[in-house]
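A quick note: this is a predicted structure, and the numbers were derived from the prediction, not measured. Residue numbers begin at 1 in each chain, while the letters A, B, ... track the order of the sequences.
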2 protein chains.
Amino acid sequence: MRGAIQLDEHFDRVGLRKTPQRLDVLEHLVRRPIHATADEIFAALNRRDPRVSRATVYNCLRDLARTGLVREVPGEGKAARYDANLHRHHHFICDVCGNVEDIEWFDVPASSWQTAAGKRRIRESEVVLRGVCSRCA
Amino acid sequence: MRGAIQLDEHFDRVGLRKTPQRLDVLEHLVRRPIHATADEIFAALNRRDPRVSRATVYNCLRDLARTGLVREVPGEGKAARYDANLHRHHHFICDVCGNVEDIEWFDVPASSWQTAAGKRRIRESEVVLRGVCSRCA
DNA sequence: ATCTAACTTTAGACATAGTCTAATAAGTAT
DNA sequence: ATACTTATTAGACTATGTCTAAAGTTAGAT
Ligand SMILES: [Mn+2]
Ligand SMILES: [Mn+2]
Ligand SMILES: [Zn+2]
Ligand SMILES: [Zn+2]
């Protein structure tokens with residue numbers, strides 16, 4: 001889906017260099033799809049290589065997000081959570097443990113929000129489901 | 001809708017005192033329904049009465065949220081935004097100016113998410129619409 | 001291959017957002 | 001009035017995020 005070739009293309013297209021740090025941040029998000037915070041990523045990468053800096057993790061996330069390789073997940077927590085799952089999907093937030101889980105994409109038809117949206121130009125609609133996850137049930 | 005009597009009842013029911021600070025925080029959210037941050041509320045209240053403390057604003061928001069008089073709005077910004085509109089409604093976030101606007105409630109039918117939600121027990125589903133607001137268009 | 005300019009990382013200072021503590025103030029019960 | 005509970009306050013403290021300047025790295029030109 002997003003192999004080495006497409007990554008080369010992407011970084012080339014958006015004018016960013018394919019650095020080890022950027023790949024490490026991206027790989028962490030891909031391999032542990034738990035919608036990690038910047039600090040969780042920093043802790044993991046810095047444990048394996050103490051030279052990696054906090055600023056770099058923030059820089060990488062900013063650049064990866066700006067160019068569309070990752071996205072920020074909406075939610076109430078105080079630390080931003082990131083997502084490398086680029087398939088269109090929604091999110092579920094557990095009332096008990098706070099974990100953020102992916103929900104397979106389903107469409108909220110324009111007919112639902114058309115009237116309520118008025119003159120606004122709608123680009124996308126994401127659903128945030130809340131409740132109790134299967135583990136906490 | 002939420003007059004003095006219901007407020008008395010509410011504070012009584014949840015075992016909180018109806019203090020001036022709590023009422024001021026609540027009133028600010030009601031009268032300027034722009035989904036303000038804690039710091040925006042603190043700045044406004046502190047300007048009118050320099051004795052009001054930052055900690056109190058955070059304490060009030062925490063207590064009002066815990067007892068259901070206000071709620072936190074989902075979004076990517078780094079500061080939490082609060083909402084005293086207790087009607088069920090969705091939100092729109094402008095790509096350009098970042099303003100958070102209310103969207104009249106519409107239902108995302110269970111049939112939409114039932115399959116994707118699996119074993120999770122769903123309590124509510126909120127929609128976050130994104131695009132360009134009427135002012136930025 | 002070397003040079004050069006642009007890009008990136010890094011440490012740490014700085015800024016913003018939020019929590020906690022201990023003292024004071026305000027309300028409630030006896 | 002007194003004792004007790006709850007709430008507010010200032011400021012210390014923690015957490016999250018941004019910025020700066022120096023050093024490291026890479027791509028492209030010569
Ligand atoms: Mn996701
Ligand atoms: Mn709202
Ligand atoms: Zn859970
Ligand atoms: Zn706008």
Under 4.0 Å between any heavy atoms, over every strand shown, what does A:Ala79 touch: base, sugar-phosphate, or nothing? Just pick one. sugar-phosphate
Could you check which of C:dG18, C:dT8, D:dA7 has an atom nearest any side-chain atom of B:Arg22? D:dA7
How long is the span from the SG atom in B:Cys60 to the CZ atom in B:Phe42, to the nearest 0.5 Å? 12.5 Å
Presence of salt bridge, B:Arg130 and B:Asp95, under 4.0 angstrom: no
Measure the shortest side-chain to side-chain distance between A:Val108 and A:Val127 over non-hydrogen atoms and say whether it is less than 4.5 angstrom. yes
Between D:dT9 (C1') and B:Arg62 (CZ): distance, integer Å: 14 Å
Atom-pair distance (CZ on B:Arg17; C1' on C:dT28), nearest Å: 6 Å
Can you tell me if B:Tyr58 touches the phosphate of C:dT19, counting only side-chain N or O atoms and a distance under 4.0 Å to OP1 or OP2? no
Could you give the CG-to-P distance, from B:Asp39 to C:dG18, as a whole number of Å? 8 Å
Test side chain to side chain donor-acceptor pair (under 3.5 Å) applied to B:Glu126 and B:His90, B:His91, B:His89, B:Arg88, the passing residue: B:His91
Starting at atom CZ of A:Phe11, determine the distance to atom P of D:dT26, rounded to an integer number of angstrom. 14 Å
Please determine, for the side chain of A:Asn59, which listed nucleotide (D:dT9, C:dT9, D:dT8) has the closest atom? C:dT9
Does D:dT8 have OP1 or OP2 sitting under 4.0 Å from an N or O in the side chain of B:Thr19? yes
Would you mind telling me which residue lines up with the more 5' stretch of DNA chain D, B:Asn46 or B:Lys78, judged by nearest nucleotide? B:Asn46
With a 4.0 Å limit, can you tell me whether A:Gln21 has a side-chain N or O closer than that to the phosphate oxygens OP1/OP2 of C:dT10? yes
Please report, rounded to the nearest Å, how far the P atom of C:dT19 is from the CZ atom of B:Arg66. 13 Å
Indicate whether the side chain of B:His35 and that of B:Asp102 have a donor and an acceptor atom separated by less than 3.5 Å. yes
Can a side chain N or O of B:Arg51 be found less than 4.0 Å away from OP1 or OP2 on D:dT9? no
Establish, with yes or no, whether the OP1 or OP2 oxygen of D:dT9 is under 4.0 angstrom from a side-chain nitrogen or oxygen of B:Thr56. yes
Whole angstroms only, please: what is the CD1-C1' distance between B:Ile41 and D:dT8? 17 Å
Spacing between B:Glu76 atom CD and C:dA17 atom P, to the nearest angstrom: 16 Å
Quick one: label B:Arg54 by what it contacts on the DNA or RNA (base, sugar-phosphate, nothing), any heavy atom closer than 4.0 Å. nothing
What is the distance, to the nearest angstrom, from the NZ atom on A:Lys18 to the C1' atom on C:dT9? 18 Å
